[in-house]
Amino acid sequence: MDTSSLWQGTAAKSACLPTLQTDLQVDVAIVGGGIAGLTAAMLLVEAGKRVAVFEARKLGACSTGNSTGNLYPTVDVNLQAIAAEHGPGATAAVAASRGAAIDLVARTVERLGLDCAFERVGWHLIAADAAHEQLVRDEHAAATAAGLEASLLDGAPLPVPGVRTLRVEGAAQFQPLAYVRQLAQAIGSEDCLIFENTEVLAVDDEPPLVHTAHARVHCKQVILATHTPAGIHLVQSSMDVVREYGVAAPLHGEPPAPGVYWRIGAERHSIRTFTAHGRDYLVVVGAAHRLGKTVVGGERFDLLERFARAHFTLGPVEYRWSAQRYRMPDKLPCIGRNIDAKNTYIATGFSGDGLTYGTLAAMLLADDILGRENPWRDLYRVGRIDRGQRPEGFEQASTRAPSPAPLRLDGAAARAQLDGVKPGESRQLELQGQPVAVYRSPEGALHVVSGKCTHMGCALKWNGAETSWDCECHGSRFDCAGKVLEGPALAPLPRLDTGAPAGGSEEPDPNAGDEE
């Protein structure tokens, strides 16, 4: 199944960027070429720093390019939950900081002339039924207390069942992949070097040094703008990792007013429209699940399509995709200097609000590196999670790929088990005392890889919707041949056919994902 996003299908192609081949000296090395990394690069270069951005695949093609394209001052966990966890004053700070990030995107679009369909809209929370109406009313109170312009409406502003709707001003929408591609083109220079297909294999904090397959990068600071920091870090020990799915189909008839629409009921859906090449599309996102906790397949997309067709007149679904969200236990992201680090900065735990938080993270990190005050620095500081309780395996940060043991299987019994896997089927087996993950493609190609994640050895689950092995612990994902797709894992899964890791310094996939 093709799982390209609407943004990947409608953004103008960008020029190919180089792969780093020789050693480099810069002030700041930024790992990750999504909205967080590129915005940080823009701000640092404007302040006189020399920076380099390293993207493992193509700019914006993972989290940024698989997002909803929505920007809003509210949060997906609800402002009332932030108030309960951090006090009522925190909601005003969260709303103000996220509003400032949206304003930065708006100024950047205007200043650089970016053609990315940026538009100011309202954000809506629709109660599908009476059971959810009080939550909407409570969120209205929380939004008002946070200083946001909010109002309650009867019914629903979409052709979906709804009893009450909260509308909050100050949101926006855009084409996120067009935004980051054009931003990279606008800021690229001798002082802002941007590399694609450049996989970072390790990061040293003191002295700061970035290792890639072909070169080393000497710098003063490192920013890990990879949605979750690559390697082993304390922040990963308690993050909740959820995968969510999206579909887009041509919309027939008059489209609803532009806006960010969330509907809460038995299921939760994010709904918006987008116009590209003279065609109106309906975008529906939902069908979320904890990553790696269950085997999933194409039914996730089917659920979204059934919901959309029940309320809208649509053509065939043209785009199907998914994205990952990482949420901290206290419901705020971690942005700033990493724990146990002197020169390494991270930004993670954005939950489902990554485009706005990614922009805000760039603002906070740039100010920190430049020695400038920021009113929201302490609210999001990484150190707040270090409460003296470090789980086993998280004694200190490590941003270096381990060396997984080769996977070697011999004997007729093992071969017989593998031969029993049918085309299109996946299995998890134990062969000669080793856990293995097996998939045979519809064309008959057999892929046998280690059944343990190379990040910290957790179990894997099959994701048939995207033909991937997903880690149940910290969000790492691997393709059927063992190559890292996203998450904190640095090393690919060892595979049977060569007894050596898949991926590594092999030719990178130009269509795979990035950061954010």
J.: Can we say the SG-SG distance for Cys458 and Cys471 is below 2.5 Å?
T.: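 In this structure, Cys458 and Cys471 share no disulfide.
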J.: Just say parallel, tilted or perpendicular for the rings of His447 and Tyr439, cut-offs at 30° and 60°.
T.: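 Geometry flag for Tyr439 against His447: parallel rings.
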J.: If we ignore angles and hydrogens, is there a donor and acceptor under 3.5 Å between the side chains of Thr344 and Asp205?
T.: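 Side chains of Thr344 and Asp205: pair found under 3.5 Å.
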J.: State whether the side chain of Ser426 and the backbone N or O of Trp462 hold a donor-acceptor pair below 3.5 Å, judged by distance alone.
T.: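 Side chain of Ser426 to backbone of Trp462: no pair is present.
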J.: Short question: side chain of Arg181, backbone of Ala12 - any donor-acceptor pair under 3.5 Å?
T.: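 Yes, the answer is positive, given that a donor and an acceptor are paired below the 3.5 Å cut-off.
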J.: Verify the distance criterion only: is there a donor paired with an acceptor across the side chains of Thr275 and Asp280 at less than 3.5 Å?
T.: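 Checked: Thr275/Asp280 side chains pair up, N/O donor to acceptor below 3.5 Å.
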J.: Please check this pair: side chain of Glu196 against backbone of Cys16, looking for a donor-acceptor N/O pair closer than 3.5 Å.
T.: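 It does not hold such a pair.
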J.: Where the side chain of Arg477 meets the backbone of Leu485, is there a donor-acceptor pair that is under 3.5 Å apart?
T.: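 No, the answer is negative, given that no donor and acceptor are paired below the 3.5 Å cut-off.
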J.: Taking Phe274 as the fixed residue, which of Tyr281, Trp7, Phe174, Tyr319 is the one that meets the ring-ring contact (aromatic ring centres under 6.0 Å, His included) rule?
T.: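 So the option named by the test is Trp7.
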J.: Less than 4.5 Å apart, side chain to side chain, heavy atoms only: is that true for Leu251 and Pro256?
T.: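 In short, these two side chains touch, coming nearer than 4.5 Å.
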J.: Ignoring hydrogens and geometry beyond distance, is a side-chain donor-acceptor pair present between Gln173 and Asn70 at under 3.5 Å?
T.: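 Yes, because at least one side-chain N or O of Gln173 sits under 3.5 Å from a partner of the opposite role on Asn70.
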J.: Side chains of Val94 and Leu332: does their closest heavy-atom pair fall under 4.5 Å?
T.: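 SC-SC contact between Val94 and Leu332 confirmed.
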J.: So, Asn374 side chain and Asp368 main chain: donor-acceptor pair closer than 3.5 Å or not?
T.: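 Answer holds: no.
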J.: Regarding His289 and Tyr245, is there a side-chain donor-to-acceptor distance under 3.5 Å anywhere?
T.: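 Yes, side-chain donor-acceptor contact under 3.5 Å.
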J.: Could you tell me whether Arg98 sits above the aromatic face of Tyr357, with NZ or CZ closer than 6.0 angstrom to the six-membered ring centre and within 45 degrees of the axis?
T.: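 Judged by the rule, Arg98 and Tyr357 form a cation-pi pair.
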J.: Does the side chain of Arg243 come within less than 4.5 Å of Asn463's, by heavy atoms?
T.: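 Touching, per the 4.5 Å side-chain cut-off.
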J.: Given 3.5 Å as the limit, does a donor-acceptor pair link the side chain of His227 with the main chain of Gln324, or not?
T.: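 Yes: the side chain of His227 pairs with the backbone of Gln324.
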J.: Within the side chain of Ser441, is there an N or O that forms a donor-acceptor pair under 3.5 Å with the backbone of Ala445?
T.: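 At least one qualifying donor-acceptor pair exists.
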J.: Looking at side-chain heavy atoms only, is the closest gap between Asp479 and Ser468 below 4.5 Å?
T.: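 No, every pair of side-chain atoms sits at 4.5 Å or beyond.
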J.: Hey, can you pull the donor-acceptor pairs under 3.5 Å for the side chains in residues 35-42, sequence neighbours left out?
T.:
unit_1 : atom_1 : unit_2 : atom_2 : d
Thr39  : OG1    : Ile35  : O      : 2.6

J.: Counting only pairs under 3.5 Å, give me each side-chain donor-acceptor contact of residues 304-313, with atom names and distances, residues two or more places apart or in other chains.
T.:
unit_1 : atom_1 : unit_2 : atom_2 : d
Glu305 : OE2    : Arg309 : NE     : 2.9
Glu305 : OE2    : Arg309 : NH2    : 3.2
Arg309 : NH1    : Leu314 : O      : 3.2
Arg309 : NH1    : Gly315 : O      : 3.4
Arg309 : NH2    : Gly315 : O      : 2.8

J.: Would a distance-only check, ignoring hydrogens and angles, find a side-chain to backbone donor-acceptor pair under 3.5 Å from His455 to Gly231?
T.: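 The answer is yes, because a donor-acceptor pair under 3.5 Å joins these two groups.
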J.: Among pairs that include at least one residue of residues 38-64, which meet ring pair (Phe, Tyr, Trp, His ring centres under 6.0 Å), considering only residues two or more places apart or in two chains?
T.: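 For residues 38-64, and leaving out neighbouring residues, the ring pair (Phe, Tyr, Trp, His ring centres under 6.0 Å) pairs sorted by first residue read Phe54-Phe195.
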J.: Counting only N and O atoms by type, is there a donor-acceptor contact under 3.5 Å from the side chain of Gln8 to the main-chain atoms of Ala61?
T.: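 A pair under 3.5 Å: yes.
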J.: If you apply the rule side-chain hydrogen bond (donor to acceptor under 3.5 Å, both in side chains), what do you find for Ser189 with Asp191, and how did you get there?
T.: CA-CA 5 Å; Ser189 67; Asp191 288 325; 5.2 Å; no
